[in-house]
Amino acid sequence: MATRIDKRFAALKKEGRTAFVTFTTAGDPDYETSLELLKRLPGAGADVVELGMPFSDPMADGPAVQASSQRALKAGQTMKKTLQMVREFRKQDNDTPIVLMGYYNPIYVYPVDAFIADCVEAGVDGLIVVDVPPEADDELCLPALKAGLNFIRLATPTTDAKRLPVVLTNTSGFVYYVSIAGITGTKAPDPGEVHAHVASIKKKTELPVAVGFGVKTPDQARAIAQGADGVVVGSALVEALRSTLDKDGRPGSETVEKVVDVVRHIAGGLATRETAAVK
Amino acid sequence: MPEASPMETPNTYRAGPDERGHFGLYGGRFVAETLMPLILDLEQAYKDAQADPDFQRELDELNTHYGGRPSPLYYAERLTDHFGGAKIYFKRDELNHTGSHKINNCLGQIQLARRMGKTRIIAETGAGQHGVAVATVAARFGLPCVVYMGATDIERQAPNVFRMKLLGAEVRPVTAGTGTLKDAMNEALRDWVANVHDTFYIIGTAAGPHPYPEMVRNFQSVIGNEVREQMQEAEGRLPDTLVACIGGGSNAIGLFHPFLDDKDVAIYGVEAGGKGLGKPEDHCASMNGGAPGVLHGNRTYLLQDDDGQIIEGHSISAGLDYPGVGPEHSWLRDSGRVTYVAITDAEALEAFQLCTKLEGIIPALEPSHALAHVAKLAPTLPKDNLLVMNLCGRGDKDVFAVAKHLGVDM
């Protein structure tokens, strides 16, 4: 059965557009503001929405996303509230795919079966769980697939030709290519290297490939997008949000607008590429 | 939260882990994809090293001439008289080079790093004992070394920070999270992800993704293997009771593992009970007051809330101040082979002073927890019960902290 993710990527392909995938942390800086932002993302140009499930120990994330997780947890965000945000979002938008991204422990403790059932019921389309490798597929990936969710796997610069098939088995929705060997929002990716890796992944799978980790500006997004089906931007949005907070971490009246502006700006940059390509 | 299910008694307690790194429910390899290829390489390199007699021979040489092994098995006569029960022996791993059992593991891992052609060493440290041991072996083999240490711990453990710097290591303060051991481990993992091509991560305890728990256990098993021989020599038989403290649990698994299938040997692991087990933020006894979860590459007992967020525990001993435990201990707990108990800060402080006064040995606060349990256990045991406690570290590093707790102004 085609999920919202499958449909969205298929539609974009028909239009010749690159998917713009946004990442924000659920509950950052608080539930209400985060929900308002979530609802505004599709209108600003987000094609696929990644929502971070905050965790106390986000090992694969750089300082920006770490801090956003901490803010969300401090404001009382929980897994149940994150799923509630998805339900609220679905009341107004039944097309934009939502991918929950995070770490295994809060899911394990939820526990797994109940989490998957609640995801399906709330309107979640896919999961990215950073610390559950293919070697542990029976833990979470297979039950999620069985329930009709997409399980999106990360491929990285260290994923060599021998390992790539292992990573691609049981991956669905799209493949998330991590553009740097490192943590989110730190080094800048080298477009040339990214293109080569993406090309080699596309040789092995029909799935769309989205690229993320370290993409911050419209120019970078445009450069990275070549040859890829989607671009993920996270730390830059999370940083834009942070820049509007007061010293106690409270949002101001411009918080949502500021992030929406950045989303619009990057979406515009991606559109420019496509216009240029058409010409 | 998922409940640990009751287990059948296995034929052997020494066969684990399986090929996926599991000890029953626990262990595994829960890491980001960037690290997976490296973790698999490491596993293969360790297998090859184990099959190579030269690797073990070189390690034995280093242990003997650099680490100072074997450490003595010492009959603690005055404490035995004081408690009036079991005959108490100390395994004197505090006499090792760098003052704790940590060097056993570091010598093994740096040999493996060199074998793999890695040119840069990273590590995490809490109290600084592991950091000092890593900085030491890195100096010995001329490799650059970065040690991640929580900003809070850097303040608490200034002498060890200076030792690491003298040894040529760069100590990077970690302010993320709460600035203690778990955050230092997160940061070391982040460094590793960004530098996989040339960097070897020397994990300090028998935790983390497979093969670390197995590898660290094997390097530390030199402790238990020596005890078997030494007790045979001293008393003509095996010990009856083993006691060791547990943070991540590397000294304990090193003592316990060689005895797991000797069913008459009673084994006790002692967790840090802090201010008491009432509230999760007051202690570090993950097996007595936590629940199974996944952190730092393995499934194990963790201190966590109902939402699966990790809780920063508390212990007077920075070396036990970790919200998890090695996965093999979690399995041994559920299987019932090892009994895990908790000792409070106050009980550990009392044991620290008792050992110093009666034996002329200043123990680290970590094994002071083990001794505090010996104080409860020994009087209940007959005089011919041979009890071995692992005195896994010396207390010089702790005298300032102890003075503060005793209200002494130095």
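Below, chain A is the first sequence line, B the second, and so on; all start at residue 1.
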Go through the side-chain N and O atoms of [X] and [Y] and say whether any donor and acceptor fall under 3.5 Å apart.
| X | Y | answer |
| --- | --- | --- |
| B:D183 | B:Y148 | no |
| B:R333 | B:Y301 | yes |
| B:D334 | B:Y26 | yes |
| B:Y201 | B:E124 | yes |
| B:N186 | B:H296 | yes |
| B:T300 | B:S330 | yes |

Proximal component of [X], with respect to chain B [non-hydrogen, under 4.5 Å]:
| X | value |
| --- | --- |
| A:P54 | backbone |
| A:Y104 | side chain |
| A:I107 | neither |
| A:D160 | neither |
| A:V112 | neither |

Carboxylate-amine/guanidinium proximity below 4.0 Å for A:K80 and B:D307: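 Salt bridge between A:K80 and B:D307, a charged N being under 4.0 Å from a carboxylate O: no.
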Lys/Arg N to Asp/Glu carboxylate O, A:K74 vs A:D28, below 4.0 Å: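 Salt bridge flag = no for A:D28 with A:K74.
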Option that, when pairs with chain A are counted at under 4.5 Å, heavy atom only, ranks first among B:R20, B:E187, B:H197, B:E312: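 Max contact count across the listed options: B:R20.
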Salt bridge (charged side-chain N to carboxylate O under 4.0 Å, His left out) contacts touching residues 162-173 of chain A (sequence neighbours left out): A:E135-A:R163, A:R163-B:E33
Region of [X] in contact with chain A, defined by heavy-atom distances below 4.5 Å:
| X | answer |
| --- | --- |
| B:I310 | both |
| B:L302 | side chain |
| B:L40 | side chain |
| B:V196 | side chain |

Chain B contacts, top residue of A:T158, A:V130, A:D57 (heavy-atom pairs, under 4.5 Å): A:D57
Contact winner vs chain B - A:I180, A:D138, A:V132, heavy-atom pairs under 4.5 Å: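 Result: the option with the highest number of such pairs is A:D138.
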Residues in residues 191-205 of chain A near chain B [non-hydrogen atoms, under 4.5 Å]: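 Within residues 191-205 of chain A, near chain B: nothing under 4.5 Å.
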Any donor-acceptor pair under 3.5 Å from A:D229 side chain to A:V209 backbone: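 Checking the backbone N and O of A:V209 against the side chain of A:D229, a donor-acceptor pair under 3.5 Å is found.
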Side-chain donor/acceptor of A:S69 to backbone N/O of A:Q66, under 3.5 Å: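 Side chain of A:S69 to backbone of A:Q66, a donor-acceptor pair under 3.5 Å: no, none is there.
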Worked check of side chain to side chain contact (heavy atoms under 4.5 Å, CB included) between B:H22 and B:W331: CA-CA 9 Å; B:H22 291 141; B:W331 178 72; over 6 Å; no
